[in-house]
Visitor: 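I'd like to ask you about the structure that follows.
Counting starts at 1 for both ligands and their atoms, in listed order.
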Amino acid sequence: METKILKLDSQALGCAAIGEAAEVIRSGGLAAFPTETVYGLGADACNPNASKKIYEAKGRPSDNPLIVHISSFEDLIRIAKAVPHTARLLADAFWPGPLTMIVKKNRAVPDETTGGLDTVAVRMPNHPAALALIRESGCLIAAPSANTSGRPSPTLAEHVAEDLNGKIPVILDGGEVGIGIESTIVDLTEEIPLILRPGYITQAMIKEVIGDVRVDPGLTAEDSEIPPKAPGMKYRHYAPQAGLMIVDGSKDAVIQKINALTDQMHAAKKKVGIIGTDETAFAYHGDVVLSVGAREEEDAIARHLYRILREFDSVSVDIIYSESFQTPKMGQAIMNRLLKAAGHQVLMVQ
Ligand code: AMP
Ligand code: MG
């Protein structure tokens, strides 16, 4: 299959391109499109055969449910068995935006879209092209991240092409995304709402709107202790091909430790990759040193992280050492992704 990459013009939003992708979705096919979080791989959420194609193209395990993207609150009412009061409050505060809510589903949503669960994950994306695509297709759009399962989520259309070229008919290219990590997921079917995946919208922000909210204990547990509630969070996502280890501690101690580890690896004739920041990158002597941005700019760190992890797959290094990024707001979300990429390998230094 030939994959067409259609550029979106930021002014007119490339209406013809959106029309073409909308037609593909309407007729049961797949189209990749930008959202404010990462690129999504979309299909008609109410068409079981279309949903199945997403799993095939990504190589995604069939028990890992999809997020349904909507363009109005009424769409949520159409597919939910009941709409909790908290959903209305959160939608008023954060939609369109990077918050996914889990509610009980009705029969409009096939089992193929929800991995057989009786609940459905729903989000209204804050991106003009995504909203236009949903409206023009006349469908609700099931869309996971548009990467091959197990690779970092795509933050550029080029990343989508790297993984899915030849497997899908169309990619809408809207340039680099704004946030760079996936949406926060909050489960509203629990008595006390539960955060299943951290993201740009933090626990504190949700608390301010609906009061009590907890974080899934399965998220912070070491592999296999307590399973996370979101089926997708149990897989080793975001893994670069080389092994990755996080070194955490004070700035100088981290630099010293990473350089010492680099020397050991060099003595063993191994090539070393390093993930640092603008403030520290110059201090390392690894073979490939990449900066995620300035330490004070956590938005930039989130936006660059997946691109950097992908870049390490295209250079040959044997091991990657990364600094830790416990930033004030998005630190939990950034470290959740980085820890998974590292298979929870962390070295603490004083
Ligand atoms: P992605 O679409 O790649 O961002 O992944 C979607 C995430 O949402 C995965 O971790 C899924 O397991 C999770 N998810 C989707 N629907 C549900 C649901 N009904 N209940 C729990 N988790 C869900
Ligand atoms: Mg994903």
Visitor: Just let me know how R60 lines up against ligand 1, side chain, backbone, both or neither, with a heavy-atom cut-off below 4.0 Å.
Guide: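 It is the side chain that touches ligand 1; the backbone stays farther off.
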Visitor: Give the contacting part of I185 toward ligand 1: side chain, backbone, both or neither, where contact means a heavy-atom distance below 4.0 Å.
Guide: side chain
Visitor: Is the distance between the Mg ion (ligand 2) and the nearest N/O/S atom of S145 smaller than 2.8 Å?
Guide: yes
Visitor: Within a strict 4.5 Å, meaning less than it, do heavy atoms of the I67 and E182 side chains meet?
Guide: no
Visitor: Validate the cation-pi geometry between K257 and Y321: distance from NZ or CZ to the six-membered ring centre under 6.0 Å, angle to the ring axis within 45°.
Guide: no
Visitor: Please indicate whether E136 has more than 12 foreign heavy atoms, meaning atoms of other residues, nucleotides or ligands, lying under 6.0 Å from its CD.
Guide: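 Correct, the count exceeds 12.
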Visitor: For ligand 1, find out whether one of its N or O atoms is nearer than 3.5 Å to an N or O atom of K229.
Guide: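 Not met; the criterion fails.
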Visitor: Check E323 against I246 and note the closest heavy-atom contact, atom names and distance.
Guide: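 It is O-CG2, 4.1 Å.
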Visitor: Answer yes or no: is there a side-chain heavy-atom contact under 4.5 Å between V213 and L194?
Guide: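 Side chain of V213 against side chain of L194, heavy atoms only: no contact under 4.5 Å found.
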Visitor: Does the side chain of H69 pick up a donor-acceptor pair with the side chain of D75 at under 3.5 Å?
Guide: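 D75 and H69 do not have a side-chain donor-acceptor pair below 3.5 Å.
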Visitor: What are the atoms of ligand 1, with element, lying closer than 4.0 Å to any heavy atom of I102?
Guide: 17 (C), 18 (C), 20 (N), 21 (C), 22 (N), 23 (C)
Visitor: Measure T114 to ligand 1 on non-hydrogen atoms and call it side chain, backbone, both or neither using the 4.0 Å cut-off.
Guide: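 No part of T114 comes within reach of ligand 1.
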Visitor: Which of the atoms of ligand 1 are close to A121, meaning less than 4.0 Å from one of its heavy atoms?
Guide: 15 (C), 16 (N), 17 (C)
Visitor: Within ligand 1, which atoms have a heavy atom of L117 less than 4.0 Å away?
Guide: 18 (C), 19 (N), 20 (N)
Visitor: What atoms of ligand 1 come closer than 4.0 angstrom to any heavy atom of I67?
Guide: 6 (C)
Visitor: Can you name the side chain to side chain contact (heavy atoms under 4.5 Å, CB included) partners of K53, sequence neighbours left out?
Guide: L30
Visitor: Answer with side chain, backbone, both or neither: which part of T100 has a heavy atom less than 4.0 angstrom from an atom of ligand 1?
Guide: neither
Visitor: Which option, E182, R197, K104, K105, owns the non-hydrogen atom nearest atom 1 (P) of ligand 1?
Guide: R197
Visitor: With a 3.5 Å distance limit and no angle check, can you tell me whether T184 reaches the backbone of G199 through a side-chain donor-acceptor pair?
Guide: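 Present.
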Visitor: Would you mind running through ligand 1 and noting each atom that sits below 4.0 Å from a heavy atom of T119?
Guide: 18 (C), 19 (N), 20 (N)
